[in-house]
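Remarks on the structure that follows.
Counting starts at 1 for both ligands and their atoms, in listed order.
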Amino acid sequence: MKTRRDFLQKITVSALGLSILPHFVHSEPDINDALYEGPLLRVAIMGLGSYGTRVAEAMQTCKKAKLVGVISGTPSKIKAWQSKYSIPPKNCYDYGNFDEIKNNPDIDAVYVITPNGLHHDQVMRVAQAGKHVICEKPMALNAQQAQEMIDACRKANVRLLVGYRMHFEPHTLEIIRMRKAGEFGKIMFFQGLSGFIIGDPNQWRLNKELSGGGAMMDIGIYSVNGSRYMTGEEPTWVTAEETKTDPVKFKEGIDETIQFQLGFPSGAVASCLSTYKMNFLDRFFLNGQDGFAELDPATGYGPIRGRTNKGELDQPEVTHQTVQMDEMSDMILKGKQAVVPADGEEALKDLKIIDAIYEAVKTGSRITFAK
Ligand code: NAD
């Protein structure tokens with residue numbers, strides 16, 4: 001029997017003939033919406049690798065988003081995903097034919113989860129096919145590519161969101177709420193430490209063409225992004241230095257360890273480390289004149305732990321990708337605005353900073369952002 005819920009789940013923005021809605025709703029992620037009966041964001045995942053698999057599993061408990069399609073170059077993976085997630089053959093594509101998704105009314109959005117160097121062209125193609133795009137971080141290899149992707153999505157009248165899952169994480173959001181409420185006083189300092197020891201030397205993450213760089217593009221970006229949402233400011237200058245202890249594994253253009261500093265308009269400074277050479281390095285620390293906040297771990301898959309000068313935080317543990325996809329459904333289908341935006345413009349801001357960090361490493365100079 002078709003229930004009201006079945007009926008409503010079939011109604012999507014494309015079915016209703018709506019495109020991009022204004023961003024008028026601004027609220028916290030809704031992680032308790034058990035009785036949801038609204039529209040579902042129907043998503044195809046492109047790139048069925050390790051993170052794509054994690055997102056697919058997390059989406060099984062989404063209330064507002066559903067995995068309905070796949071794009072992959074590996075027929076055996078498509079077959080396995082089809083049977084695991086009941087994906088019909090008409091919603092399966094490869095990298096050669098996925099432009100045909102344009103003619104598929106049962107897919108609203110494509111989530112691009114491929115190596116970084118492929119994001120730019122794939123996002124442009126998805127936009128041209130008229131589908132909303134969610135793209136993994138880093139959204140592009142540099143700010144110029146990011147701008148082109150933003151422009152293409154705007155022209156195609158589709159949303160461009162980025163897999164910044166920490167923007168929806170409860171401990172993170174509580175610290176942002178406290179900072180906005182002035183509970184730490186004037187913010188003076190942020191420290192971001194992001195790293196892990198990378199394994200297989202032959203993986204795409206260590207291939208410049210596919211990764212765009214080393215640890216900075218992969219894990220250092222969390223400290224770049226975190227410095228912005230933790231302080232609530234955009235930097236005006238950057239300095240950076242690189243340390244390389246293993247030039248065989250970390251070839252030219254693949255950074256092993258970079259220390260970088262950011263200066264903000266208020267006078268606050270950030271001091272950060274990005275590395276492929278240390279494990280157990282995932283810590284954010286924010287200091288104001290009247291208090292502090294710490295997240296450790298700050299950006300792993302969870303559990304996230306947080307404390308402030310007032311004590312431990314006791315926010316709920318959530319599966320980041322489940323909350324992210326439910327929130328992104330609301331952002332795309334209902335025009336909801338995230339507390340911390342997770343769109344192409346945010347990615348552009350991060351990539352401008354990363355471009356400047358690489359420039360500072362190369363020149364040894366302090367890079368100032370044009371106003
Ligand atoms: P992965 O190597 O596990 O998967 C990549 C997928 O892309 C594979 O299925 C591979 O077959 C496919 N692919 C298509 N064309 C390819 C090509 N030319 N070369 C290599 N692989 C190709 O990588 P991953 O860890 O899933 O990372 C994918 C993306 O997700 C990256 O952009 C990464 O930064 C991002 N990521 C994000 C998070 C997060 O927490 N938000 C976590 C991990 C990865």
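- Residue contacts with ligand 1, taken as heavy atom pairs separated by less than 4.0 Å, involve Lys77 solely via side-chain atoms from C-beta onward.
- Nearest protein neighbour of atom 23 (O) of ligand 1, counting heavy atoms only, is Trp204 NE1, 3.4 Å.
- Taking all atoms of both residues into account, the shortest heavy-atom contact from Ser194 to Ile219 is CB-O, 3.3 Å.
- Protein heavy atom nearest atom 19 (N) of ligand 1, with residue, atom name and distance: Leu210 CD1, 3.9 Å.
- In Tyr51, the parts holding a heavy atom less than 4.0 Å from any atom of ligand 1 are both the side chain and the backbone.
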Next item on the list: Applying ring pair (Phe, Tyr, Trp, His ring centres under 6.0 Å), run through Phe285 and Phe190 and close with a yes or a no.
Entry: CA-CA 6 Å; Phe285 179 73; Phe190 171 75; 8.8 Å; no

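- Neither the backbone nor the side chain of Gln203 has any atom closer than 4.0 Å to an atom of ligand 1 (non-hydrogen atoms only).
- Counting only N and O atoms by type, the side chains of Tyr51 and Gln321 include a donor and acceptor under 3.5 Å apart.
- Clustering ILVMFWY residues whenever any of their side-chain heavy atoms sit less than 4.5 angstrom apart, transitively, puts Phe260 in a cluster other than the one holding Ile367.
- Heavy atoms of other residues, nucleotides or ligands lying less than 6.0 angstrom from CD of Gln60 number more than 12.
- The closest protein non-hydrogen atom to atom 8 (C) of ligand 1 is Gly49 CA, 3.7 Å.
- Counting non-hydrogen atoms of neighbouring residues, nucleotides and ligands closer than 6.0 angstrom, the NZ atom of Lys66 reaches no more than 12 such neighbours.
- Remark: among candidates Tyr164, Tyr111, Tyr301, Tyr222, the nearest residue to atom 42 (C) of ligand 1 is Tyr301, based on non-hydrogen atoms.
- Using a 4.0 Å cut-off to heavy atoms of His119, the atoms of ligand 1 that qualify are 32 (O).
- His167 and Tyr229 have their aromatic ring centers within a separation under 6.0 angstrom.
- Of all the heavy atoms of Ile113, the ones lying under 4.0 Å from any atom of ligand 1 are found in both the backbone and the side chain.
- Distances below 4.0 Å separate heavy atoms of Ser50 from the following atoms of ligand 1: 1 (P), 3 (O), 4 (O), 25 (O), 26 (O).
- Of the protein's non-hydrogen atoms, Tyr95 OH, 3.5 Å is the one closest to atom 14 (C) of ligand 1.
- Neither the backbone nor the side chain of Arg54 has any atom closer than 4.0 Å to an atom of ligand 1 (non-hydrogen atoms only).
- In terms of protein heavy-atom proximity, atom 32 (O) of ligand 1 is closest to Asn116 OD1, 2.7 Å.
- No hydrogens or angles considered: nothing links the side chains of Asp106 and Asn91 as a donor-acceptor pair under 3.5 Å.
- A donor atom on one side chain and an acceptor atom on the other are found under 3.5 Å apart for Gln261 and Thr239.
- Considering both main-chain and side-chain atoms, Pro138 never comes within under 3.5 Å of ligand 1 through any nitrogen or oxygen pair.
- Each of the following atoms of ligand 1 lies closer than 4.0 Å to a heavy atom of Leu118: 15 (N), 16 (C), 17 (C), 18 (N).
- Taking distance alone, with nitrogen or oxygen atoms compared against 3.5 Å, Gln321 stays at or beyond that limit from ligand 1.
- Each of the following atoms of ligand 1 lies closer than 4.0 Å to a heavy atom of Gly163: 41 (N).
- Within a 6.0 Å radius of CZ in Phe280, no more than 12 heavy atoms belonging to other residues, nucleotides or ligands are found.
- For atom 35 (C) of ligand 1, the candidate residues are Met46, Glu136, Gln122, His320; the nearest heavy-atom contact is made by Glu136.
- Considering only non-hydrogen protein atoms, atom 34 (O) of ligand 1 sits nearest to Lys137 O, 2.8 Å.
- Nearest-residue assignment for atom 29 (C) of ligand 1 (options Thr114, Asp218, Thr299; heavy-atom criterion): Thr114.
- Side-chain contact check for Thr114 and Gln122: at least one donor-acceptor pair (N or O, by modelled atom type) lies under 3.5 Å.
- Among Pro115, Ser72, Gly117, the residue whose heavy atom lies closest to atom 13 (N) of ligand 1 is Pro115.
- Contacts of Arg205 with ligand 1, taken as heavy-atom pairs under 4.0 Å, involve the side chain alone.
- When the salt bridge (Lys or Arg N to Asp or Glu O under 4.0 Å) test is applied to Lys208, no partner is found at least two apart in sequence or on another chain.
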Next item on the list: Please test Lys186 against Asp290 for salt bridge (Lys or Arg N to Asp or Glu O under 4.0 Å), starting from the C-alpha separation and ending with a verdict.
Entry: CA-CA 7 Å; Lys186 180 175 161 50; Asp290 302 331; over 6 Å; no

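- For ligand 1, the atoms sitting less than 4.0 Å from at least one non-hydrogen atom of Arg165 are 39 (C), 40 (O), 41 (N), numbered in the order shown with element in parentheses.
- Phe250 meets the ring pair (Phe, Tyr, Trp, His ring centres under 6.0 Å) test with no other residue; sequence neighbours excluded.
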